[in-house]
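Written below as structure tokens is the structure these notes are about.
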Amino acid sequence: MADDLGIGDLGCYGNSTLRTPNIDRLAEEGVRLTQHLAAAPLCTPSRSSFLTGRHSFRSGMEAHDGYRALQWNGASGGLPENETTFARILQQQGYATGLIGKWHQGVNCESRTDHCHHPLNHGFDYFYGMPFTLVNDCHPDRPPEVDATTRAKLWLSTQMAALAVLTIAVGKVCGLISVSWKVVLGAASLVFLFFVSWYASFGFVRRWNCILMRNHDVTEQPMDLERTTSHMLREAVSYIERNKHQPFLLFLSLLHVHIPLVTTKQFLGKSQHGLYGDNVEEMDWLVGEVLNAIEENGLKNTTFTYFTSDHGGHLEARDERGQLGGWNGIFRGGKGMGGWEGGIRVPGIFRWPGVLPAGRVIHEPTSLMDVFPTVVQLGGGEVPQDRVIDGRSLVPLLRGAAEHSAHEFLFHYCGKYLHAARWHEKDSGRLWKVHYMTPRFHPKGAGACYGRGVCPCSGDGVTQHSPPLLFELSRDPSEARPLSPDSEPLYNMVVAQVGEAVEQHRKTLSPVPTQFSLSNIIWKPWLQPCCGTFPFCACGQDEDHSET
């Protein structure tokens with residue numbers, strides 16, 4: 001799984017200027033999906049849905065206004081222990097289960113070592129990688145990213161308070177203000193305590209968030225970005241080699257191509273699209289090395305291989321040199337947008353030589369949530385019957401036993417808000433998309449929310465549509481021409497049909513504790529993963545491990 005990759009960044013999806021021969025070869029030897037959809041347009045909720053086969057709000061892993069993704073390793077929010085991942089089911093079926101790379105589903109609940117949200121508590125028996133995600137703060141030369149707006153406000157408040165205390169002190173010295181020195185020192189102490197209370201977290205984001213773990217142990221804090229790619233590749237190849245004689249599941253959760261786009265010298269300046277293109281081409285090379293390891297260990301014909309991204313490319317990611325985010329091809333919108341196709345349409349490539357037909361292309365609507373029941377079925381397990389599972393097994397579709405996707409309707413959320421829904425009218429083959437809310441781009445007329453990080457899900461940042469916008473994706477995949485009762489005779493019927501499906505879908509919803517509440521999202525020093533004695537957390541990369 002790539003991170004923030006645009007569907008238009010790959011040759012097999014139409015890009016002619018970026019070199020992705022290894023991923024393209026994967027598509028040539030397998031099945032390529034053209035309507036593969038993320039269940040959420042941001043990292044944490046999308047990955048939650050992928051792992052569990054359920055919309056993220058069913059487990060509380062979605063925003064209820066405010067934060068839309070986990071912000072700290074030292075926070076208490078994360079994937080609840082009662083959620084079942086495909087890794088847990090395959091582990092019960094006798095599979096070795098490994099996760100290498102990004103997690104971003106939380107770590108601890110009540111203590112620094114309880115690891116209630118940790119991968120090893122969710123069905124993986126081996127973990128090496130980042131419990132968090134790459135952010136600009138991980139790079140010493142990049143501007144801050146984690147809660148940058150709040151950080152700026154806190155710094156301004158500190159400066160203003162310090163200036164006020166200084167003014168009072170000067171007034172005291174000059175005899176202009178009658179106040180005791182105890183009051184002045186008390187006020188100064190309060191300002192200092194206020195500064196320390198927020199700077200203890202925001203002043204050390206790189207040390208707290210940018211770390212590597214092996215199983216339950218922190219091995220690098222802060223992490224050395226220049227060596228991370230080689231570490232991930234080494235770990236992936238090693239995992240394949242030591243598990244080749246038994247059934248195994250390996251989830252390689254790539255750090256590419258999330259900003260700050262750390263790229264090794266071998267690939268810098270080699271693409272036609274700046275630093276982002278360099279990072280894409282390095283990612284493709286890394287995928288190729290993993291595929292080579294599968295083949296060299298004699299596993300190609302017995303391995304079900306899958307490649308995707310967690311959501312669309314990040315259009316707002318840019319600096320003074322230009323664009324740092326991906327290209328979503330002909331699709332409108334990008335990362336953070338739950339309704340527009342560019343935010344949720346992702347690559348979907350499956351290879352299983354001798355079982356899946358090589359070179360097949362499927363245009364049916366599918367979801368990242370479908371991977372859960374697909375993997376469970378292939379692993380000989382059973383999908384849980386005590387909860388709503390939104391995904392549907394792809395096995396019949398991939399093998400050609402089914403003509404159509406098992407999804408008639410799919411629902412597209414931004415945070416807790418339903419922004420859009422699609423209806424695949426199987427009899428006619430027409431694909432309808434209804435938008436109830438859309439983000440207000442900034443500046444007006446742009447295709448994204450520049451200057452805001454990502455577009456908001458609600459409030460003044462969205463336009464609510466009544467009647468809703470209607471597009472026919474089968475004829476207008478770019479969502480450029482909204483239909484009306486005058487231009488589309490079936491307009492009222494389609495809107496009513498989708499509306500009825502939305503009502504039935506909402507009957508399946510039930511309240512759960514939110515993992516992104518303020519109390520769960522803030523940094524808590526007693527939960528911070530640490531190598532050494534807190535707060536003096538620091539360590540370098542451990543020795544190469546061939547067995548753990």
Side-chain angles (χ1 to χ4, degrees), residues 4-10 13-15 18 33-42 46 68 257 273 276 308-318 323-348 363 365-368 410-415 417-424 430-458 461-465 467-484 487-488 491 494-495 498:
D4 290 16
L5 178 71
I7 192 171
D9 292 325
L10 302 176
Y13 283 95
N15 194 309
L18 279 173
L33 306 180
T34 64
Q35 286 198 54
H36 203 38
L37 302 156
L42 281 181
S46 175
R68 298 172 57 189
V257 286
H273 294 283
Y276 180 83
T308 191
S309 177
D310 53 0
H311 48 67
H314 191 183
L315 301 181
E316 292 88 354
R318 52 173 53 192
Q323 183 72 19
L324 295 175
W327 181 50
N328 297 315
I330 64 171
F331 304 112
R332 191 172 182 180
K335 176 180 178 178
M337 305 180 207
W340 295 124
E341 289 291 284
I344 55 177
R345 197 176 287 221
V346 295
H363 302 292
T366 57
S367 170
L368 286 185
L410 283 168
F411 307 98
H412 307 302
Y413 282 80
C414 184
Y417 300 95
L418 179 68
H419 273 213
R422 78 179 62 213
W423 175 30
H424 184 211
R430 302 179 81 175
L431 184 67
W432 306 97
K433 179 93 164 286
V434 174
H435 286 262
Y436 301 102
M437 296 185 222
T438 55
R440 292 181 178 173
F441 294 148
H442 178 80
K444 189 174 182 179
C449 298
Y450 296 107
R452 300 195 68 165
V454 293
C455 291
C457 293
S458 61
V462 303
T463 299
Q464 301 202 34
H465 300 283
L469 296 179
L470 176 65
F471 298 91
E472 187 185 350
L473 294 182
S474 41
R475 297 184 181 180
D476 180 23
S478 301
E479 299 174 282
R481 301 181 298 278
L483 303 173
S484 68
S487 62
E488 176 51 66
Y491 176 93
V494 171
V495 169
V498 175

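From a predicted model like this one, the values you see are computed outputs, not experimental measurements.
For the atom pair R422 CZ and L473 CG, the distance stands at 5.5 Å (nearest 0.5 Å). Atom CG of L483 sits about 5.0 Å away from atom CG of L470, to the nearest 0.5 Å. The distance from the CD atom of Q35 to the NE2 atom of H363 is 9.0 Å, given to the nearest 0.5 Å. Remark: Y417 OH to Q464 CD distance equals 9.0 Å, nearest 0.5 Å. I7 CD1 to I344 CD1: the interatomic distance, rounded to the nearest 0.5 Å, is 11.0 Å. With rounding to the nearest 0.5 Å, the separation of OH in Y413 from NE2 in H419 is 11.0 Å.
Salt bridge E488/R481: absent, no basic N to carboxylate O contact under 4.0 Å.
Side-chain atoms of S309 do not come within 3.5 Å of backbone N or O of V346 as any donor-acceptor pair. Not one N or O on the side chain of D4 forms a donor-acceptor pair closer than 3.5 Å with the backbone of V257. Remark: the backbone N or O of L431 is not paired with any side-chain donor or acceptor of R475 at under 3.5 angstrom. The backbone N or O of A39 sits nowhere less than 3.5 Å from a side-chain atom of S46 that would complete a donor-acceptor pair.
Nearest heavy-atom pair, P365 versus H424, reported as atom, atom and distance to 0.1 Å: CD-ND1, 3.8 Å. The two residues N15 and G8 make their nearest non-hydrogen contact at ND2-O, 2.8 Å. Listed here is the closest heavy atom pair of Y491 and P468: OH-O, 2.8 Å. Across every non-hydrogen atom of L368 and D310, the tightest pair is CD1-O, 3.9 Å.
The aromatic rings of F471 and W340 sit perpendicular, their planes meeting at an angle over 60°, well past the 30° parallel limit.
Remark: the S474 side chain and the R430 side chain contain no N/O donor-acceptor pair separated by less than 3.5 Å.
Looking at L42 and K335, their side chains come closer than 4.5 Å, going by heavy atoms from C-beta outward. In this structure, the side chains of L315 and N328 come closer than 4.5 Å at one or more pairs of heavy atoms. Considering only heavy atoms from C-beta on, W423 stays 4.5 Å or farther from V434 through its side chain. Under the 4.5 Å side-chain criterion, counting only non-hydrogen atoms from C-beta, V495 is not in contact with P467. Counting heavy atoms from C-beta outward, L37 and E341 have side chains that approach closer than 4.5 Å. E479 has its side chain within reach of H435: a pair of non-hydrogen atoms, C-beta onward, lies under 4.5 Å apart.
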Quick one, D9 with W327, criterion side chain to side chain contact (heavy atoms under 4.5 Å, CB included). Give me CA distance, side-chain angles, the key distance, then yes/no. CA-CA 6 Å; D9 292 325; W327 181 50; 3.5 Å; yes
Name the atoms and distances for all side-chain donor-acceptor pairs under 3.5 Å in residues 441-458, with sequence neighbours left out.
none

